[in-house]
Engineer: 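My structure is below; once you've seen it, I'll send some questions.
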Amino acid sequence: NPFSTAPPAEEEIPTISERFDQLFGGRGKVSETAPDGTEVDCPVVKIRAGASTYGVAPPGKQPVASELNYQATITRTARDCRRTSNGQIAARIGIQGRVIAGPAGAPETVEIPVRVAVVQAGVNERVLTTKVYRTTVSMTEAGGAFSLVGEDLLFNMPAQLTSDSFVLYVGFDPQAVTPPAK
């Protein structure tokens, strides 16, 4: 009834996890079938050693427990791959995490810098491409959460190699923080 006096139903806003599942179909690995009927291989996602947490302290202080403004942690990853018209692999990486406020007090918003690298594994690892993605998190007293999707990671996967020969590394990159405006 268009003339009903009942209040409108509350629209449900998807949580970050629900939105992440919408983007990646609730699966950690998604492959696409290539035109020739073969499935596109997608490398595994690994969090780079030493880059799984990102702690920020006030200027001049070390990011140790008692001095932290905030600390971010990666909690979940997902990926999918497709083959482009020129034969390259286009990878899409989903990264979720949380940010907790520290004893030194967190600002209202924090910038989270995440680097993704496509690496050809082996005795001599070789970085094929790397890209930085940034997201801003609104903080509450309890902290905040982030979810970002890294698009446009293109790399070549020669026919004789499989996804086992590659790794999609993710991790925080403190050097990639946007410098504050002067």
Side-chain angles (χ1 to χ4, degrees), residues 10-30 42-82 89-119 125 127-155 166-182:
E10 288 275 328
E11 275 193 52
E12 292 215 9
I13 298 171
T15 66
I16 286 180
S17 286
E18 289 167 345
R19 179 77 181 113
F20 196 75
D21 288 343
Q22 288 169 358
L23 284 170
F24 287 97
R27 298 186 305 277
K29 177 181 179 179
V30 181
C42 206
V44 63
V45 176
K46 290 186 179 179
I47 299 171
R48 183 62 100 174
S52 63
T53 60
Y54 173 54
V56 175
K61 302 281 187 178
Q62 290 298 314
V64 293
S66 62
E67 301 289 344
L68 282 176
N69 288 112
Y70 60 92
Q71 181 172 301
T73 308
I74 296 171
T75 57
R76 189 173 170 197
T77 62
R79 85 271 193 209
D80 67 19
C81 295
R82 64 181 171 78
I89 302 295
R92 189 169 65 136
I93 314 293
I95 303 156
Q96 271 187 328
R98 59 191 163 96
V99 185
I100 56 170
E108 287 182 21
T109 61
V110 298
E111 180 184 68
I112 304 297
V114 177
R115 180 173 295 278
V116 178
V118 180
V119 174
E125 277 193 348
V127 175
L128 302 179
T129 187
T130 180
K131 209 167 191 178
V132 171
Y133 301 94
R134 294 175 188 86
T135 188
T136 302
V137 176
S138 295
M139 296 291 286
T140 65
E141 279 185 35
F146 67 92
S147 183
L148 64 93
V149 178
E151 304 271 1
D152 305 324
L153 276 163
L154 297 171
F155 64 100
F166 301 88
V167 177
L168 302 171
Y169 280 113
V170 299
F172 295 109
D173 186 352
Q175 311 309 300
V177 172
T178 306
K182 300 236 179 222

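Values below: every heavy atom of this structure, side chains too, minus hydrogens, waters and symmetry copies. Sequential numbering from 1 along the given sequence is applied to the chain's residues.
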Engineer: Do Phe172 and Val114 touch side chain to side chain, with heavy atoms closer than 4.5 Å?
Structural biologist: yes

Engineer: Nearest 0.5 angstrom please: Asp152 CG to Arg92 CZ, how far?
Structural biologist: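 Answer rounded to 0.5 Å: 11.0 Å.
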
Engineer: Looking at every non-hydrogen atom in both residues, tell me the closest pair between Arg48 and Val119 and how far apart they are.
Structural biologist: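 In this case the closest contact between Arg48 and Val119 is NH2-CG2, 4.2 Å.
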
Engineer: Could I get the full list of salt bridge (charged side-chain N to carboxylate O under 4.0 Å, His left out) partners for Glu151, not counting sequence neighbours?
Structural biologist: none

Engineer: Could you report the tightest heavy-atom contact between Val137 and Gly144, atom names first, then the distance?
Structural biologist: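 Answer, listing the atom of Val137 first, then Gly144: CG1-CA, 3.9 Å.
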
Engineer: Taking all heavy atoms of Pro113 and all of Val177, pick out the closest pair and write down the distance.
Structural biologist: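 Smallest interatomic distance, heavy atoms only, reads CG-CG2, 3.6 Å.
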
Engineer: Looking at every heavy atom in both Gln62 and Ala57, which two are closest together, and how far apart are they?
Structural biologist: O-CB, 3.5 Å

Engineer: Check the pair Val170 / Ile93 against side chain to side chain contact (heavy atoms under 4.5 Å, CB included), numbers first and verdict last.
Structural biologist: CA-CA 9 Å; Val170 299; Ile93 314 293; 3.8 Å; yes

Engineer: Report all side-chain donor-acceptor pairs from residues 65-75 shorter than 3.5 Å, counting only partners two or more places apart or in another chain.
Structural biologist:
{"from": "Asn69", "atom 1": "ND2", "to": "Gly105", "atom 2": "O", "distance (Å)": "2.6"}
{"from": "Thr75", "atom 1": "OG1", "to": "Gln96", "atom 2": "O", "distance (Å)": "3.3"}

Engineer: Which residues satisfy the side-chain hydrogen bond (donor to acceptor under 3.5 Å, both in side chains) test with Arg115, sequence neighbours excluded?
Structural biologist: Thr130, Asp173

Engineer: Rounded to the nearest 0.5 Å, what separation is found between the CZ atom of Arg82 and the CG atom of Asp80?
Structural biologist: 8.5 Å

Engineer: For Thr140, what residues pass the side-chain contact (heavy atoms from CB on, under 4.5 Å) criterion, not counting sequence neighbours?
Structural biologist: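 Checked Thr140 against side-chain contact (heavy atoms from CB on, under 4.5 Å); matches are Ala142.
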
Engineer: Grab the two heavy atoms, one from Glu111 and one from Tyr54, that are nearest each other, plus how far apart they are.
Structural biologist: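 Scanning both residues, the minimum pair turns out to be O-CE2, 3.8 Å.
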
Engineer: What is the minimum heavy-atom distance between Pro43 and Phe166, and which atoms define it?
Structural biologist: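 Closest approach of Pro43 to Phe166: CB-O, 3.5 Å.
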
Engineer: Report the residues that fulfil side-chain contact (heavy atoms from CB on, under 4.5 Å) with Thr135, sequence neighbours left out, ordered by chain and then residue number.
Structural biologist: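 Thr135 satisfies side-chain contact (heavy atoms from CB on, under 4.5 Å) with Ile112, Phe146, Leu148 once adjacent residues are dropped.
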
Engineer: Restricting to salt bridge (charged side-chain N to carboxylate O under 4.0 Å, His left out), what partner residues turn up for Arg98, sequence neighbours left out?
Structural biologist: none

